[in-house]
Structure formats: C-alpha cells, structure tokens
Amino acid sequence: MARLEIEGPCKLRGEVSIHGAKNSALPLLAACLLCNGECILHNCPGLSDVDICIRILEHLGCKVKRSGSDVAVDATALTHSDIPDYLMREMRSSIVFLGAILTRAGQARLSLPGGCELGPRPIDLHLAALRKLGVKIKESHGCMQCTTGSGLVGSDISLSFPSVGATENIMLTAVCAKGITVIHNAAREPEICDLAHFLNRCGAHITGAGEGTIIIDGVQSLHGCEHTVIADRIAAATFMAAAAVTGSHIALRNIIPRHLASVLPIFEEAGCSCYLNGNDLEIIGPERLRPMKLVRTMPYPGFPTDAQAPVMTMAALADGNSMFVETIFENRYKHVCELVRLGAKIKLEGRVAIIEGVPELYGTNVGAAELRGAAALVVAGLAANGKTCVYGLKYLDRGYEHIEESLSQLGAVIIRK
Ligand code: EPZ
C-alpha cells in the first residue's frame, strides 16, 4: 500500500512556497461555470480534489486546459446539468457545484453527498437557502432533482450557522438571480472573499464578503476573467507545525499574514518565534514546546478547524497539558488514536481532547482517515524517533501538493513508496 516513510527526528531548514488554497480553488472552479467565455485561474494547486473538480467541469461540457498552476476553463457550451454519482462520492464538497449548475442550466441533478470522515455532512442549510431563492428540490433515492421553476429570485437569507459551503452555494445561485439577496450570518472565511472577488471581476455586484452580511445584487450575465487563487492558510499552518515540532527555523513564502491572525498566537504560546515580512513568515521552533491552555476551533476569524490536527501534534510533544475543543465537526479526532500509537498521551471526552505532552514520540506504522489527520501524522513522523510509515495517502493528496517533495527540500528524510 502507498505510504510515506519518514526517518525522524529531523531538523528542517530553508524555505517553502505555500501553494494555492484548496478551499478557494474548488468554489472558484465551480464559479467558472457561470461565465460566458474563458476564465483563467492562476496559483491553482495540484491536488486530487482539484482533479475531480476538473472532471466534473469536463463532464458538464466545459473545455479545461491546465498548464502548471494555471487552469483555463471555457464554459461557453454546457452539455449536461448533472454530476454523476461516482464523482459526487469522490468529493462531497461537489455540492458547491449545485448553485452554479442551477444558475447556468436552470436545473441540476446531483446525488446526496454522503457523510465523510468528519461525520455526517448535512446540507440542510444549503437546500433551505436555495428554496428561498426559488429552487424546487425533489429528493428521492439519494438523489436531488432541482429546477429553478419560473427563475431564481433574490431573497433575504439568515444562516443558523455560518456555513462556508452554504454561503458559497447561495452566492453562486444568487449572483444572476432577479433582485437582491442578503445573506445574514454568512461565513467570513478568506475563501468566501476570494470567491466574491472573482465573481465581481466577472461582472457581479457583491458587497460585504468577509463580514457577517453579504449583499448580492443579481446581474444578467457574467464574463470570463483572470484570477489568482489565494494562498492556502491551512497548508501554511501545517508547515509551521512541522517547524514547531522539530525545533527548526524555516521560512514560508507567499502567505497572507492576516489569514493566520488566529493561528499565530497559538504558535507563540507554544514557544515558537514568528516573524512576518510582507508575504513571508519565518518561524523558529523552540527546543521544547510549551503546552497550549485552550485551542478552540471556531468559524473564521477564530482558530480554524482544519489546523486542529496538525497543531495537536505540537501539544503531544509539549512540556505540560493542553486542551482542545473541536466545535465545528462532531468527529474530527480520528488522528488521535494514531498519535497515541506514536506514543502521545491524549484523552477524548466528546468534543474535548486533553493532551498530556510527552518528551518523545516513537516511529511506527500509522494510518490516516481524513485529510488534516493525515497531515498531522506526517508532522508527527518528522519529530518521532525512528521510522514512521504514514498510510492513507489518498486523503493527504486531496489537500497538500507534493508535501514530501517540499519537506525533503527542507531537509526531511521522507519518501513516498
Ligand atoms: C468547508 O467545509 C471546508 N471545505 C472544510 O475544509 C472546513 O473544515 C469547513 O468549511 C469549515 O471551515 C471546503 O471548503 C471544500 P461548513 P464545509 O458548511 O463547507 C454543519 C478541509 O480539511 N453544516 O462550514 O462543508 C456541518 O455539519 C475541509 O480542507 C450543517 O449542519 O463546512 C459542520 O458541522 C474539511 N448543515 C459545520 O456546519 C449544512 O447545510 C461546518 O460546515 C452545512 C453545514
């Protein structure tokens, strides 16, 4: 079985350029569907989730050309308005295509995205919002048959939770609807701002992205544009954690500092020194990490749930006890049992994890069960004594571009087998 073999402990040095954000590239690729003409996305990461998005776009009739991190999408001639079940199952976040297909084709047929490694992934907020915009949705046999009836109409929508995906789906459904849509309690993640920025470049009228209330004034149509995907703040946090657990001094290039505002204080509390200089960040990990009193995951601008697993690896090696509270997903501790196999001392009580730091971890075989947990196991392997084999690379490759090459360039002894 494919695995990463890591010889630890290691010291890292040098610099790493942070790739484009997976969680921005996916909705941006869906948004390309809305445009008459060609869109070019720069800094699009080479990830398996992006590959699936491109397969969906091609299935719908788009012409897609890829050259390095540039992806050109021409959605002029659509031929389908459905997403085959096998593609929906490969990536549950394909639900973000629903709004874009409806806006473009007036109908859409998708299978209900199953749960995933993080627990049931309901889409009730998506569907309730789309119904308010005039979408008729029939659910049967695990499929959704959607039509826009007499057309999409702007509406006042309040989200009970600032769901990232639901906010994106509403934006993609409302952008060409008749009239004004207001989203209250919208998600404020940087990826939402990146999507609004892209859509406005294509001729949309969206204001308030990044704040709690987004206002969308529907337009007739959208044209193509060129856009650069923002840097991946979670990949940045992951490389920071690698430096932290190995007591290394590395530089991260092409980051967006304000997107890490809730992450930096946690690293500094753990004893890391972080120096920002424009879009670069230097981080120096301490000889021994300090515990983190409380890491509570929250919607942006709070501490990101996607950074919880890699940062927990730091707590596992800290000189004292740390407490984590995962408030976003109900089942996002699957990496804990694998960290314990490496020698970590972690107790779980529902959404609360208590980590009693240990001086050392010991290499062994570990298996990932979801994307960010996979990253945590790689980070742990860099610090563990001896050889760590990380299995479950299909999860890792969803969100990290050639992570073993980047870590090798930083001096890690890591090979993909
Ligand atoms: C996005 O997922 C990201 N994925 C996730 O990143 C990220 O963890 C999450 O936002 C939170 O920041 C992409 O952008 C592709 P949500 P999404 O809707 O949109 C509940 C990674 O590792 N909810 O904000 O699915 C849901 O169950 C991935 O890169 C409903 O109850 O997240 C969860 O508890 C993992 N009903 C919470 O909201 C709904 O209709 C957050 O979900 C929708 C969501």
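All ligand and atom numbering here is 1-based and tracks the order in the structure. Quick note: residue numbers are just sequence positions, from 1.
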Can you tell me if Asp156 and His184 form a side-chain donor-acceptor pair at under 3.5 Å? yes
Quiz question: by atom type and distance under 3.5 Å, do the side chains of Asn254 and Ser17 form a donor-acceptor pair? yes
Distance-only side-chain donor-acceptor flag, Tyr86 / Arg55, under 3.5 Å: no
Would you tell me which option among Glu168, Arg121, Met298, Met91 has the nearest heavy-atom contact to atom 25 (O) of ligand 1? Arg121
Report the part of Asp306 (side chain from C-beta onward, or backbone N, CA, C, O) that has a heavy atom under 4.0 Å from ligand 1; answer both or neither where that applies. side chain
Which protein heavy atom lies closest to atom 32 (O) of ligand 1, and at what distance to 0.1 Å? Phe329 CZ, 4.1 Å
Answer with yes or no whether the side chains of Gln308 and His335 bring together a donor and an acceptor at under 3.5 Å. yes
Which heavy atom of the protein is the closest neighbour of atom 18 (O) of ligand 1, given with residue, atom name and distance? Ser163 OG, 2.7 Å
d(Leu26 CG, Ile52 CD1) to nearest 0.5 Å is 9.0 Å
Ligand 1 contact on Gln308 by region, counting heavy-atom pairs under 4.0 Å: neither
Mark whether atom 20 (C) of ligand 1 lies under 4.0 angstrom from at least one protein heavy atom. no
Taking both backbone and side-chain atoms of Val164, is any N or O found less than 3.5 Å from an N or O belonging to ligand 1? yes
Looking only at protein heavy atoms, which one is nearest to atom 13 (C) of ligand 1, and what is the separation? Asn23 OD1, 3.2 Å
Please state which protein non-hydrogen atom is closest to atom 43 (C) of ligand 1 and give its distance, to 0.1 Å? Pro122 O, 3.3 Å
Per-residue contact class, Glu370 against ligand 1 - non-hydrogen pairs under 4.0 Å: neither
Hey, which atoms in ligand 1 end up nearer than 4.0 Å to a heavy atom of Ser93? 15 (C)
Please lay out, stage by stage, how Arg351 and Glu326 fare under the test salt bridge (charged side-chain N to carboxylate O under 4.0 Å, His left out). CA-CA 5 Å; Arg351 291 184 180 235; Glu326 172 54 57; 5.4 Å; no
Under 4.0 Å, heavy-atom basis, I'd like to know which part of Arg92 is in contact with ligand 1: side chain, backbone, both or neither. side chain
Is there any ring-ring contact (aromatic ring centres under 6.0 Å, His included) pair reaching into residues 15-63, and which pairs are they, with sequence neighbours excluded? His59-His80
Working note: Glu282 + Glu15, criterion side-chain contact (heavy atoms from CB on, under 4.5 Å); need CA distance, chi angles, decisive distance, verdict. CA-CA 9 Å; Glu282 282 199 49; Glu15 60 182 56; over 6 Å; no
Select one of side chain, backbone, both or neither to describe which atoms of Leu125 lie under 4.0 Å from any atom of ligand 1, heavy atoms only. both
Going by distance alone, is a donor N or O of one side chain under 3.5 Å from an acceptor N or O of the other, for His227 and Asp194? yes
When distances are taken from atom 36 (N) of ligand 1, the protein heavy atom at minimum range is Asp124 OD1, 2.7 Å
Once you restrict to heavy atoms under 4.0 Å, what part of Ile328 touches ligand 1? Side chain, backbone, both or neither. both
Any nitrogen or oxygen of Leu26, main chain or side chain, under 3.5 Å from a nitrogen or oxygen of ligand 1? no
Tell me which part of His126 gets within contact of ligand 1: side chain, backbone, both or neither, using heavy atoms under 4.0 Å. both
Note: Thr305, heavy atoms under 4.0 Å from ligand 1, region reported as side chain
Please say whether more than 12 non-hydrogen atoms of neighbouring residues, nucleotides or ligands are located less than 6.0 Å from CZ in Arg109. no
Per the salt bridge (charged side-chain N to carboxylate O under 4.0 Å, His left out) rule, what does the pair list look like for residues 292-315, sequence neighbours excluded? Glu269-Lys293, Asp306-Arg332
Got the closest protein heavy atom to atom 29 (O) of ligand 1, with its distance? Arg372 NH2, 2.8 Å
